[in-house]
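Just so it is clear, the model here is predicted, and its values are computed rather than measured.
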There are 2 protein chains.
Amino acid sequence: MKNYELILKEHSLKVTPQRLGMLSIIDYVGHITIEELFANIRKDFCSISIATLYKNINSMVEVKILKEIKISNSKSKYEILKNEHSHMVCKKCEKLEDLNLCLDITIENASKKSGYIFDENALVLFGICPECQR
Amino acid sequence: MKNYELILKEHSLKVTPQRLGMLSIIDYVGHITIEELFANIRKDFCSISIATLYKNINSMVEVKILKEIKISNSKSKYEILKNEHSHMVCKKCEKLEDLNLCLDITIENASKKSGYIFDENALVLFGICPECQR
DNA sequence: TTGCAAAACGATAATCTTTCTTGTTTATAT
DNA sequence: ATATAAACAAGAAAGATTATCGTTTTGCAA
Ligand SMILES: [Mn+2]
Ligand SMILES: [Mn+2]
Ligand SMILES: [Zn+2]
Ligand SMILES: [Zn+2]
């Protein structure tokens, strides 16, 4: 990821310093909650309004620049939308990480079993990360 | 499911008409949002407080009588906790259904790849149900 | 460049949603 | 039956999200 201006333009959203700042932070940290993002962006834009943040998050999710990740027992995190992938959450240190898995067979099975035609999935695995296992 | 009294006692929660009513509704409809449950239970307990509902939901989730299902782009639903299973959501009629899949191999792969030890997962598949395909 | 219209911004009010508080009632064990 | 702890209803409080509105900025075209 790099050229946030281009990304915004491609999705017919105007390029504003606030949006560029948001994207740059989200891209840098990978996954972030609303309140973390607000705290973070205030360092650069001390007068940014929480309403602006919500509105920008929502419009960027709508045009699929961003994606919301819902997680049991914690607040939603947002990430820059990239190729489909799953997530892992460590129950001890609470970090969230990407995980690239091939779910083709699983989804095919699901389709056979149910008759549904699937085009999207959300998988979150919970457990203990390698560091916290020691 | 049947004996809600026993279930509550087994989890050291007092048996109250409100709780029995909640469990009976949830069990009957399978999956339900807070507001649906509130609307529903008010038919039987016209004076039940929304605070009671929230507190009971929370304590029953805590002792694992209930489980929260987080779903992208919609409100959380609650169900009676049973053996682990996945969920399917139809993007057209918006219904949510259970789906029993074996994820053992997938999770084993994930473990090998990441070093995590997993003991819980949440999988939601999104697509079009058989009825809506016609 | 400059000027215009639409979109985005900040401030703040309004609207949910969820939790907390308090006085009263109820469930359960003795 | 009585005592005690838990649960209840009602409403206040807190937290999260959205709506409103006057001002500023952006993108585009003259
Ligand atoms: Mn991710
Ligand atoms: Mn289910
Ligand atoms: Zn960890
Ligand atoms: Zn359907």
*asked:* Strictly below 4.0 Å: does Thr16(B) bring a side-chain N or O up to OP1 or OP2 of dC8(D)?
replied: yes

*Expressed in angstrom and rounded to an integer, what is the separation of Glu5(A) atom CD from dT25(D) atom P?*
17 Å

*Return the value, rounded to whole Å, for the distance between atom CG of Leu37(B) and atom C1' of dT17(C).*
15 Å

*May I ask you to evaluate whether Gln18(A) reaches the phosphate of dG10(C), defined as a side-chain N or O under 4.0 Å from OP1 or OP2?*
yes

*Gap between atoms CZ and C1', on Phe45(B) and dT26(C) respectively (whole Å)*: 13 Å

*Distance in angstrom units between Leu8(B) CG and dT28(C) P, rounded*: 9 Å

*Just call it for Glu35(A): base, sugar-phosphate, or nothing, with non-hydrogen atoms closer than 4.0 Å on any strand.*
nothing

*So do the side chains of Lys70(B) and Val124(A) get within less than 4.5 Å of each other, counting heavy atoms only?*
no

_Test side chain to side chain contact (heavy atoms under 4.5 Å, CB included) applied to Ile25(A) and Glu36(A), step by step_ = CA-CA 10 Å; Ile25(A) 292 170; Glu36(A) 284 164 354; over 6 Å; no

_Please confirm whether the shortest side-chain N or O distance from Asn56(A) to OP1 or OP2 of dA8(C) is below 4.0 Å._
no

*Measure from the side chain of Arg19(A), starting at C-beta and using heavy atoms only, and say which of dC9(C), dA7(D), dG10(C) lies closest.*
dC9(C)

*NA contact type, Ile50(A), heavy-atom cut-off 4.0 Å: base, sugar-phosphate, or nothing?*
nothing

*What integer distance in Å separates Asn58(A):CG from dC9(C):P?*
13 Å

*Heavy atoms under 4.0 Å, any strand shown: does Ser47(A) hit a base, just sugar-phosphate, or nothing?*
sugar-phosphate

_Value in whole Å for how far the C1' atom of dT28(C) lies from CG of Leu6(B)_ = 16 Å

*Nearest whole angstrom, please: distance from the C1' of dT28(C) to the NZ of Lys9(B).*
9 Å

*Would you kindly compare Pro17(B) and Lys55(B) by the position of their nearest DNA chain C nucleotide and give the one closer to the 5′ end?*
Lys55(B)

*Please tell me which of the listed nucleotides, dC9(C), dA10(D), dA11(C), lies nearest to the side chain of Ser49(B)?*
dA10(D)

*Lys75(A) pairs by salt bridge (Lys or Arg N to Asp or Glu O under 4.0 Å) with which of Glu94(A), Glu35(A), Glu68(A)?*
Glu35(A)

*asked:* What is the distance, to the nearest angstrom, from the CZ atom on Arg42(B) to the P atom on dA9(D)?
replied: 9 Å

*Could you tell me whether the phosphate oxygens of dA7(D), OP1 or OP2, come under 4.0 Å of any side-chain nitrogen or oxygen in Thr52(B)?*
no

*Could you please spell out the steps behind the side chain to side chain contact (heavy atoms under 4.5 Å, CB included) verdict for Leu8(A) and Met60(A)?*
CA-CA 8 Å; Leu8(A) 285 168; Met60(A) 290 197 274; 4.1 Å; yes

*Classify the side chain of Lys14(A) and the base of dA6(C) as holding, or not holding, a donor-acceptor pair under 3.5 Å.*
yes

*asked:* How long is the straight-line distance from CG of Asn109(B) back to CG of Asn100(A), given to the nearest 0.5 Å?
replied: 12.5 Å

_Which nucleotide in dA16(D), dT19(C), dT28(C) has an atom nearest any side-chain atom of Lys75(A)_ = dA16(D)

